[in-house]
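Note that these values count all heavy atoms, side chains included, but never hydrogens, waters or copies made by symmetry.
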Amino acid sequence: LTWQPIAQLAITLVLLTNVIGTAVVGAFIFMAVALPVQTVLFGKIFAMTKEFMRKRDLRMELVTEILQSVRVLKMMAFERQSARRIAEKRKDELEVLKWLMIVLAGLIVLVISMPSLIGVAVFVVRATVLGDEMNASTAFTTLALLDSLRMALFQLPMMVNFVMTGAVSLGRVERFLNRSEVRLPPPHGAGGAAGGGGDGGDDDVEPGRIVVTGAAFRWGDVAVGDPN
């Protein structure tokens with residue numbers, strides 16, 4: 001559940017406050033310092049996830065196009081050019097994925113090391129700032145509570161990653177569903193031939209033919225034709 005790490009983190013901090021009192025301020029200070037770093041990393045992960053999905057869509061679009069035209073590619077001996085284009089798209093995709101995994105690994109390292117660093121901050125504040133002695137029972141109880149933070153802090157970045165991935169996917173689906181409907185051409189004889197623009201200038205087109213006026217065609221990065 002997405003709320004479980006947050007609830008476990010809040011309960012543990014409340015129990016720490018009851019055990020060590022004001023020394024828990026050290027934990028809050030450390031978390032306040034680490035929070036901006038985590039926020040930046042979360043933003044990087046969100047942006048890289050969107051870019052990775054965009055690169056993957058470009059590669060899958062190219063692969064689908066090649067598979068649908070495989071007979072023509074075989075007849076024209078375009079296998080090497082097609083494989084090279086797929087490899088270039090895959091290389092761009094893997095480059096984004098590599099940096100995404102690096103940032104995610106840095107976030108996980110930071111989160112995993114936080115319980116130990118929070119414990120150091122708590123003990124330093126209690127011993128040096130407050131000057132209070134810590135007996136064995138308080139020390140071991142504090143260590144046990146800090147250790148319980150490890151799983152919550154480990155699950156938190158994964159939960160945020162899942163939420164970000166879902167948000168990106170939901171946004172993509174929403175943009176697709178909000179696009180305007182495709183206007184179907186009028187039937188032949190009802191205002192001109194299909195694709196003729198409906199201006200009556202192509203009424204003499206034979207049935208079965210398609211007329212395109214003022215259009216430009218693009219395949220990949222190569223444009224053919226100029227509507228002007």
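There is a path of hydrophobic side-chain contacts, each under 4.5 Å, that joins Leu107 to Ile102. Cluster membership check: Ile20 does not share its hydrophobic cluster with Val14, using side-chain heavy-atom separations under 4.5 Å among Ile, Leu, Val, Met, Phe, Trp and Tyr. In terms of hydrophobic clustering, with Ile, Leu, Val, Met, Phe, Trp and Tyr side chains grouped at heavy-atom distances under 4.5 Å, Ile45 and Leu170 are assigned to different clusters. In terms of hydrophobic clustering, with Ile, Leu, Val, Met, Phe, Trp and Tyr side chains grouped at heavy-atom distances under 4.5 Å, Val19 and Val124 are assigned to different clusters. A continuous path of Ile, Leu, Val, Met, Phe, Trp and Tyr side chains, each step under 4.5 Å between heavy atoms, connects Trp99 with Leu110, placing both in one hydrophobic cluster.
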Side chains of residues 23-31: which donor-acceptor partners sit under 3.5 Å, not counting sequence neighbours?
none

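A salt bridge is absent between Glu88 and Lys91; no separation between the charged side-chain nitrogens and carboxylate oxygens falls under 4.0 Å. A salt bridge links Glu93 with Arg59: the closest approach of a Lys/Arg side-chain nitrogen to an acidic carboxylate oxygen falls below 4.0 angstrom.
Here the CD-CG distance, from Glu51 to Leu97, works out to 12.0 Å after rounding to the nearest 0.5 Å. Here Phe52 contributes atom CZ and Asp57 contributes atom CG; the two are 10.0 Å apart, rounded to the nearest 0.5 Å. Here Ser69 contributes atom OG and Met76 contributes atom CE; the two are 12.0 Å apart, rounded to the nearest 0.5 Å. If you take CD1 on Ile86 and CD1 on Ile66, they are separated by 3.5 Å, rounding to the nearest 0.5 Å. Rounded to the nearest 0.5 angstrom, Glu174 CD and Asn178 CG are separated by 5.5 Å.
Contact check for Lys55 versus Lys89: no side-chain heavy atoms found under the 4.5 Å cut-off. The shortest distance between side-chain heavy atoms of Thr142 and Phe123 falls below 4.5 Å.
Arg175 and Arg179 make their closest contact through O-CG, 3.2 Å (heavy atoms, listed as atom of the first residue, atom of the second, distance). Residue Val37 comes nearest to Val33 through the heavy atom pair CG2-O, 4.1 Å, listed as atom of the first residue, atom of the second, then distance. Looking at every heavy atom in both residues, Val96 comes nearest to Met48 through CG1-O, 3.7 Å. Nearest approach of Thr12 to Leu145, heavy atoms of both residues: CG2-O, 3.3 Å. Between Leu73 and Ser82 the shortest heavy-atom distance is CD1-OG, 3.5 Å.
Other residues, nucleotides and ligands contribute over 12 non-hydrogen atoms within 6.0 Å of the CE atom of Met101.
The side-chain hydrogen bond (donor to acceptor under 3.5 Å, both in side chains) pairs that include a residue from residues 103-127 number zero, where partners must be two or more places apart or lie in different chains.
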Next item on the list: Starting from the C-alpha separation in whole Å, work towards a yes-or-no answer on side chain to side chain contact (heavy atoms under 4.5 Å, CB included) for Arg56 and Glu61.
Entry: CA-CA 8 Å; Arg56 184 177 60 183; Glu61 180 181 353; over 6 Å; no

Checklist line | Step-by-step side chain to side chain contact (heavy atoms under 4.5 Å, CB included) determination, Leu104 to Ile108 | finding: CA-CA 6 Å; Leu104 184 60; Ile108 292 176; 4.2 Å; yes

